[in-house]
Amino acid sequence: MAYKVGRCLLREILESKGMNQHDLAIKLSVTKQQVNKYVTNKQGMSLEVAKNIAVILDCQIEDLYQWNEVSNNE
């Protein structure tokens, strides 16, 4: 079984934590525009960024994205 990264779930996680993109940007020391790129799937997160976001939001890296099952041939 293999998985492919799907849609970013950051918007939903931020809402559930009562945080907005600006708040996260400040904690990450990046611009709100950068966070928005992650939220809108215009740019994927590096592993380092994903880890830092997961720590800030008290979740697992895997929680930040949908994971789609794909066949091992893809």
Side-chain angles (χ1 to χ4, degrees):
M1 184 65 55
Y3 292 89
K4 188 172 186 178
V5 175
R7 186 176 68 83
C8 179
L9 301 175
L10 188 52
R11 180 185 317 265
E12 292 87 345
I13 296 170
L14 285 170
E15 288 175 5
S16 74
K17 301 288 183 175
M19 188 180 287
N20 61 39
Q21 292 179 33
H22 179 74
D23 297 334
L24 180 59
I26 290 169
K27 291 183 182 225
L28 278 176
S29 299
V30 300
T31 65
K32 180 180 177 272
Q33 291 81 5
Q34 185 62 48
V35 172
N36 187 260
K37 287 179 186 179
Y38 302 140
V39 168
T40 59
N41 280 315
K42 291 183 178 164
Q43 181 177 344
M45 297 174 228
S46 69
L47 184 57
E48 182 177 327
V49 168
K51 175 63 176 176
N52 286 315
I53 289 174
V55 168
I56 290 166
L57 297 178
D58 190 29
C59 66
Q60 301 297 313
I61 292 174
E62 294 86 2
D63 299 334
L64 298 174
Y65 287 96
Q66 285 180 334
W67 294 93
N68 303 315
E69 289 183 24
V70 294
S71 69
N72 290 332
N73 298 336
E74 290 186 40

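All values below were derived from every heavy atom in this structure, side-chain atoms included, with hydrogens, water molecules and symmetry-related copies excluded.
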Participant: According to salt bridge (charged side-chain N to carboxylate O under 4.0 Å, His left out), does anything in residues 11-34 pair up with another residue at least two apart or in another chain? List the pairs.
Facilitator: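 Salt bridge (charged side-chain N to carboxylate O under 4.0 Å, His left out) check on residues 11-34 returns R7-E12.
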Participant: With clusters defined by side-chain heavy atoms of hydrophobic residues (ILVMFWY) lying less than 4.5 Å apart, directly or transitively, does L28 cluster with V39?
Facilitator: yes
Participant: Would a single hydrophobic cluster contain both L64 and V30, if residues Ile, Leu, Val, Met, Phe, Trp and Tyr are joined by side-chain heavy-atom contacts under 4.5 Å?
Facilitator: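 In one cluster with V30: L64, yes.
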Participant: Is there a path of hydrophobic side-chain contacts, each under 4.5 Å between heavy atoms of I, L, V, M, F, W or Y residues, that connects I13 with M19?
Facilitator: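 They do share one cluster, since a chain of ILVMFWY contacts under 4.5 Å joins I13 to M19.
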Participant: Considering all heavy atoms of both residues, which atom of S71 and which atom of A2 are nearest to each other, and what is their separation?
Facilitator: O-CB, 4.3 Å
Participant: Could you walk me through whether D63 and L9 pass the side chain to side chain contact (heavy atoms under 4.5 Å, CB included) check?
Facilitator: CA-CA 7 Å; D63 299 334; L9 301 175; over 6 Å; no
Participant: Is there a path of hydrophobic side-chain contacts, each under 4.5 Å between heavy atoms, that joins V5 and Y3?
Facilitator: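 The answer is yes; both residues are in one hydrophobic cluster.
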Participant: Sequence neighbours left out, what passes salt bridge (Lys or Arg N to Asp or Glu O under 4.0 Å) with E62? Give chain and number order.
Facilitator: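 So E62 forms no salt bridge (Lys or Arg N to Asp or Glu O under 4.0 Å) with any residue.
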Participant: Side chains of residues 45-53: which donor-acceptor partners sit under 3.5 Å, not counting sequence neighbours?
Facilitator:
{"from": "S46", "atom 1": "OG", "to": "V49", "atom 2": "N", "distance (Å)": "3.1"}
{"from": "N52", "atom 1": "ND2", "to": "E48", "atom 2": "O", "distance (Å)": "3.0"}

Participant: Atom CG of N41 and atom CG of L10: how far apart are they, to the nearest 0.5 Å?
Facilitator: 10.0 Å
Participant: What residues form a side chain to side chain donor-acceptor pair (under 3.5 Å) with Q34, not counting sequence neighbours?
Facilitator: Y38, Q43
Participant: Give the cluster check for W67 versus L57: same hydrophobic cluster or not, with ILVMFWY residues linked at side-chain heavy-atom distances below 4.5 Å.
Facilitator: yes
